[in-house]
Structure formats: structure tokens, C-alpha cells
Amino acid sequence: MEKDRKIIVGFKTIILGLCLYVIELMYLPVFGALQKAQVSGDGCYSDFWKYTEKQPYPIIFILTGIIVVLGIAFVVLGHLPMIFDAKWQNFCVRKIPMPMPVQAQGS
């Protein structure tokens with residue numbers, strides 16, 4: 001994959017991961033309602049954040065975090081060739097001053 005494409009794929013992956021996080025957090029009240037229906041109205045948390053401790057949410061959050069980390073890795077891998085190419089070019093190009101031409105005195 002060329003470097004520009006890796007950067008674009010990385011940004012898209014990061015955005016996908018963040019959107020998944022938002023969707024997962026918005027789904028917490030739905031999960032609470034399903035839990036309430038499953039146990040006939042008993043055992044439903046009034047605070048939906050408590051469902052983040054119950055399975056399958058910890059695994060889902062970890063997998064979504066891995067997606068975000070992969071996006072960050074793609075962005076970094078896309079930038080590495082540009083960084084190393086610039087450093088290598090600066091290292092290889094010697095800045096040796098050219099000698100000034102000597103002008104003849106008197107004519």
C-alpha cells in the first residue's frame with residue numbers, strides 16, 4: 001500500500017472505531033430495556049453505565065479499541081516513509097561550500 005493510501009485508510013478506520021463507540025454507548029438503554037423484558041421487569045439498572053461491566057460489553061469495547069489502534073497504526077505507518085525519506089535525504093546531501101573563483105589581479 002502506498003503511503004498516502006495508508007494514511008487515508010488509517011483516518012477512515014479511526015473514524016469507524018469512534019462511530020462504533022458512539023453507537024455502542026447509545027445502545028446501552030436498549031440493552032437495559034431488553035434485560036428488563038428478559039427478567040420480567042426485575043433487575044434492570046436505572047444507571048445504564050452499569051451495563052458496561054456486564055458481558056458482552058467489555059469484549060465489544062476492547063474490540064472497538066483494537067479497531068481504533070489499528071487506524072492509528074495505519075496513520076503512523078503511512079507517515080514513516082515520509083519521515084525517513086526526509087531524514088535520509090538530509091543525511092545523504094552534503095552541504096559542502098563551493099570554492100569561490102579566484103579573479104586575476106591587474107590587467
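Computed from a predicted model, the values in this text were never measured in an experiment. Quick note: residue numbers are just sequence positions, from 1.
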For this session: Please list all pairs passing the side-chain hydrogen bond (donor to acceptor under 3.5 Å, both in side chains) test where one or both residues lie in residues 59-70, with sequence neighbours left out.
Result: Glu24-Thr64
Exercise. Does Tyr21 reach the side chain of Phe61, with side-chain heavy atoms less than 4.5 Å apart?
Worked result: yes
Exercise. Would a hydrophobic clustering, with Ile, Leu, Val, Met, Phe, Trp and Tyr connected at side-chain separations under 4.5 Å, put Ile15 with Ile8?
Worked result: no
For this session: Establish whether Leu25 and Leu18 are linked, either directly or via other cluster members, by ILVMFWY side-chain heavy-atom contacts under 4.5 Å.
Result: yes
Problem set entry | Rounded distance (nearest 0.5 Å) linking atom CG of Leu20 with atom CG of Leu16 | 4.5 Å
Seminar exercise, completed: CG (Leu70) and CD1 (Ile14) are apart, to the nearest 0.5 Å, by 10.0 Å
Exercise. Side-chain heavy atoms under 4.5 angstrom apart, residues restricted to Ile, Leu, Val, Met, Phe, Trp, Tyr: same cluster for Ile72 and Val75?
Worked result: yes
Exercise. According to a 4.5 Å side-chain heavy-atom criterion applied to Ile, Leu, Val, Met, Phe, Trp and Tyr, with indirect links allowed, do Leu77 and Ile7 form part of one hydrophobic cluster?
Worked result: yes
For this session: To the nearest 0.5 Å, tell me how far Tyr57 OH sits from Ile62 CD1.
Result: 14.5 Å
Seminar exercise, completed: Shortest non-hydrogen pair, Glu53 vs Pro58, comes out as O-CG, 3.9 Å
